Amino acid sequence: MSDTLKALVKACRAGEADYQDLIDRVPYARFLGIQVLAQGEELTFILPRNENNLGNPTLPALHGGAVAGFMEQAAIIFILLQMGEPRVPKTIDFTIDYLRAGLYQDTFAECRVTRLGRRIANVHISAWQKNREEPITIARAHFLLSDENA
């Protein structure tokens with residue numbers, strides 16, 4: 001990870017930089033249009049309503065791959081912000097459960113780290129639209145925390 005990116009992660013943690021600056025440095029997150037809302041120490045990731053993320057125009061409903069990509073990107077960014085020394089997380093496993101159709105509207109996600117070790121991180125991600133208590137998808141992700149020289 002470049003020194004510039006490490007400095008940006010640390011500045012975000014300290015409240016000296018906007019989280020959106022970090023998200024905009026990740027090409028796929030930028031393509032999906034991911035945004036973040038910080039409320040105290042809680043982060044809510046947002047996948048805004050966007051035609052590029054539409055899967056079924058008849059319903060209309062979001063594309064499942066766009067929702068999964070959104071959730072995986074949210075987890076990666078969340079881990080970066082949680083680690084003592086930021087290292088680029090690499091996906092080992094990502095399991096998603098689609099619980100109901102994602103309608104063509106803004107979608108929100110929150111992440112919870114269930115384990116953050118020196119080499120492995122486990123994250124639970126929940127995405128919803130109208131009500132946080134009625135998620136449209138939930139996911140579990142396992143990441144390898146890369147070494148500096150990897």
Side-chain angles (χ1 to χ4, degrees), residues 1 5-6 8-13 15 17-84 86-146 150:
M1 176 181 280
L5 190 54
K6 281 185 182 182
L8 178 57
V9 169
K10 289 180 181 181
C12 286
R13 286 188 199 147
D18 189 5
Y19 291 111
Q20 196 64 44
D21 294 339
L22 177 60
I23 290 172
D24 290 342
R25 289 181 140 268
V26 181
Y28 189 55
R30 191 174 56 240
F31 171 77
L32 289 173
I34 296 174
Q35 301 169 358
V36 66
L37 175 65
Q39 296 172 306
E41 293 190 14
E42 288 187 21
L43 297 179
T44 301
F45 294 88
I46 305 164
L47 179 65
R49 177 182 164 155
N50 181 337
E51 268 190 41
N52 292 336
N53 301 331
L54 189 60
N56 184 340
T58 306
L59 289 178
L62 296 174
H63 191 284
V67 173
F70 162 59
M71 294 174 77
E72 182 178 22
Q73 291 297 304
I76 288 170
I77 293 164
F78 191 76
I79 290 172
L80 269 175
L81 293 167
Q82 297 296 310
M83 285 191 281
R87 294 173 282 161
V88 178
K90 297 177 182 172
T91 305
I92 297 172
D93 180 53
F94 186 84
T95 304
I96 188 166
D97 296 323
Y98 295 96
L99 305 175
R100 55 187 51 86
L103 303 176
Y104 184 49
Q105 59 192 40
D106 289 355
T107 304
F108 307 92
E110 64 182 356
C111 302
R112 184 174 37 89
V113 174
T114 54
R115 181 181 188 279
L116 181 59
R118 289 184 313 137
R119 298 199 23 93
I120 302 289
N122 299 338
V123 182
H124 177 269
I125 312 104
S126 178
W128 71 93
Q129 292 183 319
K130 294 179 183 176
N131 181 347
R132 183 180 299 230
E133 302 304 317
E134 295 179 10
I136 62 168
T137 59
I138 55 173
R140 291 155 309 284
H142 307 277
F143 296 96
L144 175 65
L145 307 176
S146 65

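This chain uses plain numbering: 1 for the first residue, then up along the sequence. Treat the numbers as computed from the prediction; the structure is a model and nothing was measured.
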Discussion item. Test: salt bridge (Lys or Arg N to Asp or Glu O under 4.0 Å). Region: residues 34-61. Which pairs qualify, not counting sequence neighbours?
Written reply: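 The answer is none; no pair qualifies.
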
Is a side-chain donor or acceptor of [X] paired with a backbone partner of [Y] at a separation under 3.5 angstrom?
X      : Y      : result
Gln20  : Ile34  : yes
Gln129 : Leu103 : yes
Arg118 : Leu145 : no
Tyr98  : Gly64  : yes

Worksheet item: Hey, are Asp97 and Arg140 close enough for a salt bridge, meaning a charged N less than 4.0 Å from a carboxylate O?
Response: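 Answer for the salt bridge query: yes.
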
Discussion item. One thing to verify: whether Glu110 and Arg132 come together as a salt bridge, which I'm taking to mean a side-chain N less than 4.0 angstrom from a carboxylate O.
Written reply: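 Salt bridge between Arg132 and Glu110, a charged N being under 4.0 Å from a carboxylate O: yes.
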
Minimal non-hydrogen separation, [X] against [Y], with atom names:
X      : Y      : result
Val9   : Leu80  : CG1-O, 3.5 Å
Asn53  : Pro48  : ND2-O, 4.0 Å
Phe45  : Phe70  : O-CZ, 3.5 Å
Gly102 : Ile136 : CA-CD1, 3.8 Å
Ala29  : Ile77  : CB-CD1, 4.4 Å
Ala61  : Leu54  : O-CD1, 3.2 Å

To the nearest 0.5 Å, what is the distance between [atom1] on [X] and [atom2] on [Y]?
X      : Y      : atom1 : atom2 : answer
Leu8   : Tyr19  : CG    : OH    : 11.0 Å
Glu133 : Ser126 : CD    : OG    : 8.5 Å
His142 : Asp93  : NE2   : CG    : 5.0 Å
Asp106 : Lys130 : CG    : NZ    : 12.5 Å

Worksheet item: Just wondering, more than 12 heavy atoms not from His124 lying within 6.0 Å of its NE2?
Response: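 Check passes, neighbour count above 12.
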
